[in-house]
Amino acid sequence: MRDRLSYEGYTLVFEENFDGPELDRTRWNVELHEPGWVNEEWQEYVDSPENIRLEDGRLLIRPVRTVRDGQAFYTSGRISTRGRREFTCGLFEARLKVPRGKGFLPAFWLMTSDEDTYGQWPVCGEIDIMEIMGQRPETSYGTIHYGLPHQQNQGVFTLPSGDFSEEYHVFSLEWEPGVLRWFVDGTLFHEARQWFSACGRQPPDPFPAPFNHDMYIILNLAVGGNWVGYPDKTTDFENAAFTVEYVRVYQKNR
């Protein structure tokens, strides 16, 4: 197992530097979802400059808390390349900084729009390149979800000092046929070589299904949920932002 990321043999095929006046809607969808849509999360995903905007060559996804009639409401942002740019295999990376605060869950990840091939989630597969809990901002999780019943394979990277809310770091995934590797700042911290697919038929679809078909990029900031937990009175919404400098995708020369 090698321990450093290499770009040898790769060609840049997608680059987003967020350097325009506003988000490029020819490349990115702004997704709209109701509170509780997944994982018992509190936020509503909306299309608003309060939640999603470009500033100084960076993407900012901000959580907003409002109170109406004594009831708290939460909005946030989620963007994806679904139906615009999708990829099978490659090297995916983003340079980003996360918000600190209990109940925040920023994520950089891959999903497929082709759930007819293998079946609905989790059979279709999910690749989480980076997830960081706001109350544990020194630790990043890299995970795949797959199979029926649901299985996962997860790696964990903890900074030796400081945390991911203090300065920018590069999170990368190398996806090759039959192997997935996760990196932080070019250092390997997890590798997966075993998974399976199943959708009610036997035998299951052959390996490396379901990680052998097109997937799209997602960047989002969840508020609450049954994994990260929920905000409390210590959670600072005023200064919270999931900030992304760039997203890049490389693929090997064929």
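The shortest side-chain heavy-atom distance between Trp195 and Pro208 falls under the 4.5 Å cut-off.
We find that Arg84 and Asp24 are not joined by a salt bridge, their nearest charged nitrogen and carboxylate oxygen being 4.0 Å or further apart.
Applying the salt bridge (Lys or Arg N to Asp or Glu O under 4.0 Å) criterion to Arg53, with sequence neighbours excluded, gives Glu55. With sequence neighbours left out, the side-chain hydrogen bond (donor to acceptor under 3.5 Å, both in side chains) criterion links Asn220 to Tyr45, Trp109. Legend: residues meeting ring-ring contact (aromatic ring centres under 6.0 Å, His included) with Phe73, ordered by chain and number and at least two apart, are absent. For Phe242, the ring-ring contact (aromatic ring centres under 6.0 Å, His included) test picks out no residue, with sequence neighbours left out. Taking the ring-ring contact (aromatic ring centres under 6.0 Å, His included) definition, one finds that Tyr230 meets it with Trp42, sequence neighbours left out. Under the salt bridge (Lys or Arg N to Asp or Glu O under 4.0 Å) criterion, Asp163 pairs with Arg100, not counting sequence neighbours. Every side-chain hydrogen bond (donor to acceptor under 3.5 Å, both in side chains) that Thr75 has, sequence neighbours left out, goes to Asn51. Qualifying salt bridge (Lys or Arg N to Asp or Glu O under 4.0 Å) partners for Glu31, counting only residues two or more places apart in sequence or in other chains: Arg78.
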Please set out all donor-acceptor pairs under 3.5 angstrom arising from side-chain atoms of residues 12-21, sequence neighbours excluded.
unit_1 : atom_1 : unit_2 : atom_2 : d
Glu15  : OE2    : Arg248 : NE     : 3.3
Glu16  : OE1    : Trp28  : NE1    : 2.9
Glu16  : OE2    : Phe18  : N      : 2.9

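The stretch residues 89-98 participates, sequence neighbours left out, in these side chain to side chain donor-acceptor pair (under 3.5 Å) pairs: Tyr7-Glu93, Glu93-Ser172, Arg95-Glu245. Under the side chain to side chain donor-acceptor pair (under 3.5 Å) criterion, the residue pairs touching residues 130-142 are Thr139-Thr158, with sequence neighbours excluded. Residue pairs satisfying the ring-ring contact (aromatic ring centres under 6.0 Å, His included) criterion with at least one member in residues 49-68, sequence neighbours excluded, are absent.
With hydrogens and angles left out, the side-chain atoms of Asp114 and Thr112 include no donor and acceptor closer than 3.5 Å.
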